[in-house]
Structure formats: structure tokens, C-alpha cells
Amino acid sequence: MIDFLAQARELFPYTQTLRRDFHMHPELGFREIRTGGIVAKELESLGIEVTKGVGRTGVVGLLEGARPGPTLLLRFDMDALPILEETGAEYASQKSGVMHACGHDGHTAIGLTVAKMLNAHRDQLTGTIKFCFQPSEEGNNGEEVGGAEMMMRDGVLDSPKVDMTLALHLWNEKPLGWLGVAQGPVMAGADIFSVKITGKGGHGAIPDATVDPVVAAANIVNALQSIVSRNVAPLETAVVSVTMIHGGTAFNVIPQEVVLEGTIRTFDSGVRQKVVERFEQIARGVGEGLGCQIEVDIKRLTPALVNNDSVTAQVQETARRVLSESNLDTAGYITMGAEDMAFMLEKVPGCFFFIGSNDKVRHLDYGHHHPKFDFDEEALVRGSALMAAAAMDMLSGNNS
Ligand SMILES: [Zn+2]
Ligand SMILES: [Zn+2]
């Protein structure tokens, strides 16, 4: 049996060099030209067939095993965030206001390391590996959809048709050594909402001649709190957060209009439907009761990310063997964060797992999207080893 942990450790200088280079040269969603170029060049140097421009700046590499079999898609995201880096690291971003603050630089480096390892053992592969280097995970960045959906529109799940998929995230909420590989829903589905409350503006001292949208907004924000506490069953979960209130221009003017915006997070589609329904009823009922006109707009950003039971069980088995020293958490680790890999996992059975990456002693424990975010690079070795070994186990010919 191949010792993927030893091989990943041997390749660590390669992985680290790539990661630090991507970190110094971060690119926002759908602008990953340099990053995608390096990815394509590295894959081509291995003799892997490469297609560029899948989902704008996405790159796909196809590695055919020695024998025909199922197609496994491995997905790695490449985009950075519009954040001014404050780590002070020697490999800090050289592009002011753009930063790899989520660890996607690490994911891309892991992806190329995994490609190197699996390519070296292609004679033992029964099936095809589709390496999917995805743009714009962090949002749509001006496009109609985000990176995963954009690649799906361009057919990343077809020809050859993808049968299974794996993806990972370096996870600074947990220490190095922790692994989260859980069945079922592991990340929340996210909706974004806006409520436009239109009243009748006027003098602050003559409220009776107005229809006050500020009072309506205050009542709506309060009433929305009853959805989670009174409409969602106690053992289910949901979040309704109003995060923006915009209205008013002067202390003595009752405005014409107030706009509320925020987010809804759910795991279960039935719960989501109920929350959305109640949200519209409450916003409209309360607002109209107070004389305002109400426009509610709720848009789904991503569905909940749901892991397939049998694929996940296989990854757990691989993790126990390859990273036996690790603290493997299979107890249903879940986070209210969202991930657009959820779109692919709606179509294809797969597993999205987490690699603990913080190191408190070295102060590498700031949360994702923080200007001081950085992780323990040893997590790159673990992530590469687990991803490569899980892929090999799934395409070893014993499981199909
Ligand atoms: Zn992120
Ligand atoms: Zn991320």
C-alpha cells in the first residue's frame, strides 16, 4: 500500500513554495489568471490533459487511470478576498487590498501536490480523476453566479460524467491534528434578503401626516426574531440575521423609505421553506399593518452542503489508516458558514472534509477572513495525504 503521508511530506517543499507564491500574488474571484496559469502549467508538466477557461478562469485536468472505471472529481478553490493583509509574514500579499484570508492558496497548492502523487501512481488507478480548480468560491464577484455554478454551466460534471466528488477546507477554527469528516449536512445553506419599506415621508414634528417606515422597520426586525424561536422546531436549526438598516437623512425628517438586509442560514430544505414563508408573511403583515408598502426579495446563495453517507464512510476509513495519529471527528461537525461546493454535492455524491490548521502557540489561529489569518503549513501535508489516499481508495477497483 502506498504511504501517501510520507510522499506528501517529501513533496512539502513543493507544496509550500506554491502556497507561498499564491499567497504573495492573490487574485479575486473570476480574476485568477496568474494562479490558473500556474495550475495549468504544473498539470501539463505531468502530462495531464488540461482545459482552461471552464467557468471563466477555472482549470480542469483529466488524469486517466490504467484501467477504465468511475470518474472522481477533486475540487480545489483558488480565489482570494478583498482584505488588506496584516499578517506581517515574509510571504505576505504583494497586492494591496487583496489577500488569501480563507486558505484557498493552500487548497490550490494541495491540489497540485495531489495531482503529482496520483499521477505517479496512475498505473494503480481504476477510473479517471478530474482535477477541478475552481474560481470565485467567495461570491459572484459581479457575475450572475459563483465559481462552482459557473463551472457546472460549462459542463464540469459532464464528459466524462462525474460519479463522485471530494473537496476539503483548511480549518482554522480547529487545531492542527483535528479532522472533520462527517456524514449528512455539514455546512449551512445561505440566503440573502432585502426588505424595502416604503412609507410617506414628512416633518419629524408632524408624524400624523406621515407613514413612518422607521417605526415599521423596527417592528419588522423585532417580529422576525419569532421565526427561529416560535416557528422552527426546537431540535432544528436556522439563523435569521438582519445585518443592515438603511434609512433617513436628517434628525427632523421622517424618511420615505427604509431598507433592511441580511442573511438566512438553514440546513434542511423543509426548514428553509418554512423560514422563507414566515419571513415574507411577517415582513409584509407587520409593515402593511403599519401602513407601509413592502417589497421582499429573498435570493438563495448556496444550498446546504450535504455529505453522502457511503462516500464519507470511505473517507473516514482512509483517514483512520493514513492519519492515524489525528483526532478524527465524525460526530457531525457542522458550521453555519456556507460553501458553493454544495451545488456540486447536490448533483454528485461526495464528501467535503475539514483539516484542522490552527496553531495557538505561533498565533496562527485567527479566523477565516481576518486580516491576520494564517495557518500551520503542516496542515498542507495532511490535506494532501488524505485527499490523495482517499482518491486512490475510491478508484482502487475494489469499490465499484
Ligand atoms: Zn472564505
Ligand atoms: Zn473558503
Side-chain angles (χ1 to χ4, degrees), residues 19 22-23 26-32 35-36 39 55 57-58 74-87 93 95 97-111 132-143 145-151 165-174 178-181 186-190 192 239 241 243 263 265 301-305 307 333-345 350-358 364-377 379-380 382-384 386-387:
R19 182 262 159 161
F22 294 139
H23 195 89
E27 293 171 301
L28 293 174
F30 295 123
R31 319 242 151 87
E32 304 88 341
T35 309
V39 167
T57 41
L74 306 182
R75 178 276 212 169
F76 308 93
D77 43 10
M78 305 188 289
D79 57 321
L81 286 153
I83 294 174
L84 182 64
E85 178 160 351
E86 292 174 16
T87 60
S93 169
K95 207 185 272 178
V98 184
M99 176 191 177
H100 268 295
C102 201
H104 300 183
D105 50 343
H107 300 170
T108 308
I110 287 173
C132 168
F133 288 87
Q134 185 202 299
S136 208
E137 189 282 324
E138 299 284 3
N140 300 357
N141 214 17
E143 299 284 347
V145 295
E149 278 189 291
M150 198 67 91
M151 290 191 92
T165 180
L166 296 176
L168 55 69
H169 210 300
L170 296 169
W171 209 238
N172 255 32
E173 311 301 313
K174 297 284 182 179
W178 177 91
L179 292 177
V181 190
V186 295
M187 291 185 97
I192 180 168
V239 173
S241 289
T243 55
T263 186
R265 303 287 164 112
L301 275 188
T302 59
L305 187 147
N307 280 339
Y333 174 75
I334 55 176
T335 157
M336 292 316 275
E339 216 331 310
D340 76 350
M341 185 63 198
F343 285 109
M344 295 198 191
L345 286 166
C351 177
F352 186 92
F353 52 92
F354 300 90
I355 309 285
S357 55
N358 85 37
L364 301 172
D365 60 345
Y366 288 93
H368 294 266
H369 298 198
H370 191 283
K372 290 188 175 169
F373 172 86
D374 200 358
F375 55 84
D376 189 329
E377 287 176 319
L380 298 169
R382 318 242 174 143
S384 302
L386 180 53
M387 184 60 93

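Count residues from 1 along the sequence. In each ligand, atom 1 is the first atom listed, and ligand 1 is the first ligand listed.
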The Zn ion (ligand 2) - number of protein N/O/S atoms closer than 2.8 Å: 3
With no hydrogens and no angle check, is any side-chain donor or acceptor of Glu85 less than 3.5 Å from a backbone partner on Ser93? yes
Salt bridge check: are Arg75 and Asp340 linked by an N-O gap of less than 4.0 Å? yes
Quick one: does His104's side chain have a donor or acceptor within less than 3.5 Å of a partner on Ala80's backbone? no
Test your reading of the model: is there a side-chain donor-acceptor pair from Thr263 to the backbone of Ser241, 3.5 Å cut-off? no
Side chain Ser357, main chain Asp376, donor-acceptor under 3.5 Å: no
Is the Tyr366-Phe373 ring centre distance short of 6.0 angstrom? no
